[in-house]
Chemist: 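Here's a structure for you.
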Amino acid sequence: MANTFTKPRGTIDMIGAQAEKYQKLVQTLNEKAHLYGVSPIITPMFEENKLFHRGVGETTDIVTKETFNLESKGGHEYTLRPEFTAGIMRAVIENKLYASPHMPLKLYYSGSIFRYERPQTGRYREPHQWGIEFLDEHLDEVSTVEVLLLMVSCLKAIGIENPILKINTLGSLTSRIAYKSALVEYFVPFIDSMCADCKARLETNPLRILDCKVEEDKKIASNAPIIRDYLTDEDKQEFEGILNKLQELGIEYEIDDHLVRGLDYYTGIVFEVYEKSHLNLGALGGGGKYDGLSKALGGPNLEGIGFSFGLDRLLLSLNDEDKEEPIDVMLYVQDDVSLMLKLAEELRKKNISTLIPHVGKSLKSALKMADGKRIKRFVFKKDDFYVVKDMEKNEQKECRYENILNNLSLGGK
Ligand code: AMP
């Protein structure tokens with residue numbers, strides 16, 4: 001055989017039942033978003049390189065190590081989106097969606113993102129995400145609570161009944177300045193023994209040390225000061241207000257003092273969700289509140305809160321079977337091509353899914369295909385009659401062409 005091709009490392013093919021599951025998952029999430037008054041947005045898969053540097057942050061792994069960069073023939077530098085929020089904010093500013101009739105903006109999105117990561121189960125280079133962003137001049141605690149309610153109810157809708165919701169706050173700038181200097185003071189005596197990334201983070205963004213995945217560094221970080229001890233009274237009140245509302249609504253959560261998240265733009269509440277029996281996959285989704293992003297991208301002062309799910313991880317954490325949707329009818333074509341094509345179109349108009357195998361396939365192999373493809377009725381010509389075979393009951397009836405539809409007996413259809 002000539003040279004064959006394999007998919008790029010860290011990417012996946014979704015085929016048949018798996019692709020169907022992915023589409024249904026997105027559909028269920030879209031429907032949930034609509035129920036909460038959230039509208040769809042679709043933005044480009046690539047944006048100007050600088051958008052992500054300014055938006056996601058110069059000190060994040062996502063921007064410093066993980067982007068896929070492109071150069072156009074015209075010499076423009078582009079980057080395949082490593083996340084959605086910066087592109088959405090760009091679209092909001094460019095299309096002036098922040099003007100009053102549109103506000104508050106509530107948007108949902110889905111699609112591929114691209115990160116040059118070390119691939120493993122549940123970690124890809126082209127992961128798929130679904131998420132939401134709420135944007136307004138000021139977002140109060142009701143918006144935060146609504147976002148968390150939507151997140152939990154999305155998980156329930158797809159069958160994840162008891163997600164583990166971990167919450168922390170990064171506080172306002174004032175709280176964070178105090179916290180950062182406490183972190184620096186704590187880490188300085190250990191820093192020589194820590195990884196190169198942590199050494200750099202001590203200078204650029206000490207909070208990110210709390211997110212280090214190196215075991216030795218994790219141990220050191222486990223005793224680091226916690227942000228709650230450095231919150232201003234106002235930040236403390238806001239955080240407690242949100243937690244009280246969640247309790248009133250019966251939303252269970254855990255406080256994780258070291259949850260910081262990978263992107264630079266977060267301020268205030270941050271959160272992640274996990275599934276008990278699939279902790280090995282890492283977070284199924286995460287998000288938080290941010291307020292400097294719009295300004296950093298040349299827009300007005302806007303606050304945002306959002307989250308994104310990793311769709312690949314959601315699919316891996318659902319334990320249901322990989323079963324493809326059945327197809328109602330397979331029409332086996334012999335010398336009656338035009339008649340069968342006509343019938344197929346009539347059936348499809350009645351919402352009866354109909355598949356025609358390629359002409360010339362033997363009857364035996366078409367029947368075998370029907371079995372594998374989960375076909376409900378198999379129709380073929382025998383002498384002057386047509387045979388309608390019920391594949392589920394393994395029974396068959398003979399009839400004239402005009403009566404095929406009546407003999408399909410497909411319940412309500
Ligand atoms: P983030 O944009 O980093 O906040 O990620 C949000 C969610 O997307 C995570 O909780 C994961 O479920 C998923 N995710 C992020 N990166 C990857 C990846 N490389 N492979 C698979 N899923 C990912």
Chemist: Is the closest side-chain donor-acceptor distance between Y332 and Q334 under 3.5 Å?
Modeler: no
Chemist: Are R123 and D312 within salt-bridge range, i.e. N to O under 4.0 Å?
Modeler: no
Chemist: Above 12 or not: heavy atoms from other molecules or residues under 6.0 Å from CD of E234?
Modeler: no
Chemist: Let me see the working for E31 and Q27 under side chain to side chain donor-acceptor pair (under 3.5 Å), right down to the final yes or no.
Modeler: CA-CA 6 Å; E31 283 166 9; Q27 196 186 336; 3.2 Å; yes
Chemist: Could you tell me if Q247 and Y253 have a donor-acceptor pair between their side chains, going purely by distance under 3.5 Å?
Modeler: yes
Chemist: Is the closest side-chain donor-acceptor distance between Y290 and E133 under 3.5 Å?
Modeler: yes
Chemist: Residues two or more places apart in sequence or in another chain: which of them pass side-chain hydrogen bond (donor to acceptor under 3.5 Å, both in side chains) with D257?
Modeler: R228
Chemist: Please, which pairs that meet side chain to side chain donor-acceptor pair (under 3.5 Å) have at least one residue in residues 359-370, sequence neighbours excluded?
Modeler: S362-S365
Chemist: Using only atom types and a distance under 3.5 Å, with no angle test, would you say the side chain of R201 pairs donor to acceptor with the backbone of I209?
Modeler: no
Chemist: Report yes or no: is the cationic atom of K389 (NZ for Lys, CZ for Arg) under 6.0 Å from the centre of the six-membered ring of F378, at an angle within 45° of the ring normal?
Modeler: no
Chemist: Going by the rule side-chain contact (heavy atoms from CB on, under 4.5 Å), which residues pair with A344 if we only count those two or more places apart in sequence or in a different chain?
Modeler: L331, R348, T354, I356
Chemist: Got a sec, which residues hit side-chain hydrogen bond (donor to acceptor under 3.5 Å, both in side chains) with E146, two or more places apart in sequence or on another chain?
Modeler: none
Chemist: Suppose we screen for ring pair (Phe, Tyr, Trp, His ring centres under 6.0 Å). Which residues come up paired with Y36, at least two apart in sequence or across chains?
Modeler: none
Chemist: Can you tell which of Y78, F46, Y116 makes a ring pair (Phe, Tyr, Trp, His ring centres under 6.0 Å) with F68?
Modeler: Y116
Chemist: Just by distance, no angles: are the side chains of N30 and H34 close enough, under 3.5 Å, to form a donor-acceptor pair?
Modeler: no
Chemist: Counting only heavy atoms from other residues, nucleotides and ligands, does the tally under 6.0 Å from CD of E48 exceed 12?
Modeler: no
Chemist: Output all residues satisfying ring pair (Phe, Tyr, Trp, His ring centres under 6.0 Å) with Y22, sequence neighbours left out; order by chain, then residue number.
Modeler: H128
Chemist: In plain terms, say whether K219 and E216 are close enough for a salt bridge, that is, a side-chain N and a carboxylate O under 4.0 Å apart.
Modeler: yes
Chemist: Salt-bridged, E392 to R377, with N to O below 4.0 Å?
Modeler: yes
Chemist: In Å and rounded to the nearest 0.5 Å, what is the CG to CG distance from L281 to L316?
Modeler: 5.5 Å
Chemist: Checking S112 against E126: is there a side-chain donor and acceptor pair closer than 3.5 Å?
Modeler: yes
